[in-house]
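The structure under discussion appears below in the form of structure tokens.
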2 protein chains.
Amino acid sequence: MATGRTHRPATRSRGIPEATVARLPLYLRALTALSERSVPTVSSEELAAAAGVNSAKLRKDFSYLGSYGTRGVGYDVEYLVYQISRELGLTQDWPVVIVGIGNLGAALANYGGFASRGFRVAALIDADPAMAGKPVAGIPVQHTDDLEKIIDDNGVSIGVIATPAGAAQQVCDRLVAAGVTSILNFAPTVLSVPDGVDVRKVDLSIELQILAFHEQRKAGEEAAGESAAVPLAPKDSGKGPDGDVPAVMPA
Amino acid sequence: MATGRTHRPATRSRGIPEATVARLPLYLRALTALSERSVPTVSSEELAAAAGVNSAKLRKDFSYLGSYGTRGVGYDVEYLVYQISRELGLTQDWPVVIVGIGNLGAALANYGGFASRGFRVAALIDADPAMAGKPVAGIPVQHTDDLEKIIDDNGVSIGVIATPAGAAQQVCDRLVAAGVTSILNFAPTVLSVPDGVDVRKVDLSIELQILAFHEQRKAGEEAAGESAAVPLAPKDSGKGPDGDVPAVMPA
DNA sequence: CCATGTGAATTGATTCACAGCG
DNA sequence: CGCTGTGAATCAATTCACATGG
């Protein structure tokens, strides 16, 4: 759930399913924890539990990477950490820029898990001239004017957008023009990008709305069987003759 | 991609597919923008473009809600805003607590899109006694000791966890015990919760890792056809006799 | 005549269940 | 003998394509 258009049906060498790719970081986290506790091997059952998935799915996922386990025994933790890291491209260093150093941008800059695992905050960029030069998380904020130069100088290919919604598309266009080909978007907007550029989005409001949907269902079920009040799934209410249309919503 | 275990195969009245639910907020956002520009009606084609999906998918999604369009014309914007809002449960007010007021928690508290659309930050909670009483985003931070009382007094059913990973499960347990049944988790941990509790997670590091995977593929493809260096998908390298196993990774 | 709504076809992901290897 | 690796079966999501109704 997130890629903006993009999906390169093109030359995808030996397709690992997208759903699997999305779970690899999860496995990697669980494996890293095991590694720190010096656990030498782990079974699909144990690792699956630690990652919060079921073991059949995990084994199927790993089967796309190759045969890295030992039957009757399980997986070698260190070996698997390496293989997954390599598959994800984490054996190399990824310089990242964060554009938009408001509350969220600053929080991202300070976020520890960011720095770990191959990602390095190469620069912070903001449109506010008053911020220029101020250090955030030990890194001086630079002005948007220099965006292209910053991207170029640092060889950045991954950008994080944490600007207000109104500025996001424009920032995105400049990032892409400057050579960025992967974007993590925190602004609540749909970004349009040319083919070959990947966009993933994180939207707090959307996540909450999905939770609210399920929450509402739960609340309704409790009272199920009771009076016919609160029709939960108003399928086919087809704009009928009844005047139940409040027309305007709380913005 | 996110629900922690949970999926209530139970009494799901008239199943709207999960993938559809996840897109409804997207449609709602696009519709709200149209509404603000006083656009009266919109076709599936136009709305789909604004939401970044294709029109067939959009029409199929809407078909699960009912027949809300007019053939030959399109959809009434206001009417659809209302129907989707209602379906998502946004016509009611959802008090939310945020636990863990560090950089990220503070950013969330300040995040505007949070407050809009039915969600209200009812309380901020942190374990640090030094923070207690300090206002963040105009709301005084309260101490974890009072968590249960706060949940209860405010009738909170949705909790946001923005604590360090180590504290997350414990906070989660307390939230659940106090009556919270939906959790948005920003801590990089797998939370385990009883049936009937929904968990969605947002993990910055995971999103970046997914981008890195695709980014790596792109870099590899450029050089495709060249020397046989950089084998991209090492399928079946089967831990073979060759000694290509660095064994340890940069943590 | 145009755009919705939807069965049917397709593609993708998950789960099952067990053969086969260490 | 236990656990991996994987075909086959199932389930979910997407896309196609067109009949249908305003």
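For the numbers below, each heavy atom of this structure counts, side chains included, while hydrogens, waters and symmetry mates do not. Per chain, numbering begins at 1; letters A, B, ... match sequence-line order.
- A donor-acceptor pair shorter than 3.5 Å can be found between the side chains of B:Q209 and B:S205.
- Sorted pairs that involve residues 159-173 of chain A and meet salt bridge (Lys or Arg N to Asp or Glu O under 4.0 Å), not counting sequence neighbours, are lacking altogether.
- When all heavy atoms are compared, the tightest approach of B:A165 to B:A187 is CA-CB, 4.1 Å.
- Separating the CG atom of A:L58 from the C1' atom of C:dA13 is a distance of 15 Å, rounded to the nearest angstrom.
- A:E87 and B:F213 get closest at one heavy-atom pair: O-CD1, 3.2 Å.
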Subject >> Test side-chain hydrogen bond (donor to acceptor under 3.5 Å, both in side chains) applied to B:S182 and B:D198, step by step >> reply: CA-CA 5 Å; B:S182 288; B:D198 279 312; 4.6 Å; no
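- At least one side-chain nitrogen or oxygen of B:Y75 sits closer than 4.0 Å to the OP1 or OP2 atom of C:dG5.
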**OP:** List the protein contact pattern of nucleotides 13-22 of chain D with one symbol per nucleotide (5' to 3'): B for base contact, S for sugar-phosphate-only contact, - for none; contact means a heavy-atom distance under 4.0 Å.
**Re:** SSB-B-BBBS
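- Spacing between atom CD of A:E45 and atom P of D:dC1 amounts to 20 Å, rounded to whole angstrom units.
- Residues B:V96 and B:L184 form no side-chain contact, since every pair of their non-hydrogen atoms from C-beta on lies 4.5 Å or further apart.
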Subject >> Check against ring pair (Phe, Tyr, Trp, His ring centres under 6.0 Å), A:Y68 and A:F62 >> reply: CA-CA 8 Å; A:Y68 293 153; A:F62 285 179; 8.1 Å; no
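- Note on the helix from C:dC1-D:dG22 to C:dG22-D:dC1: angle between the axes of the first and last five pairs equals 10°, rounded to 10 degrees.
- Side-chain contact between A:L31 and A:V42 is present, with at least one heavy-atom pair separated by less than 4.5 Å.
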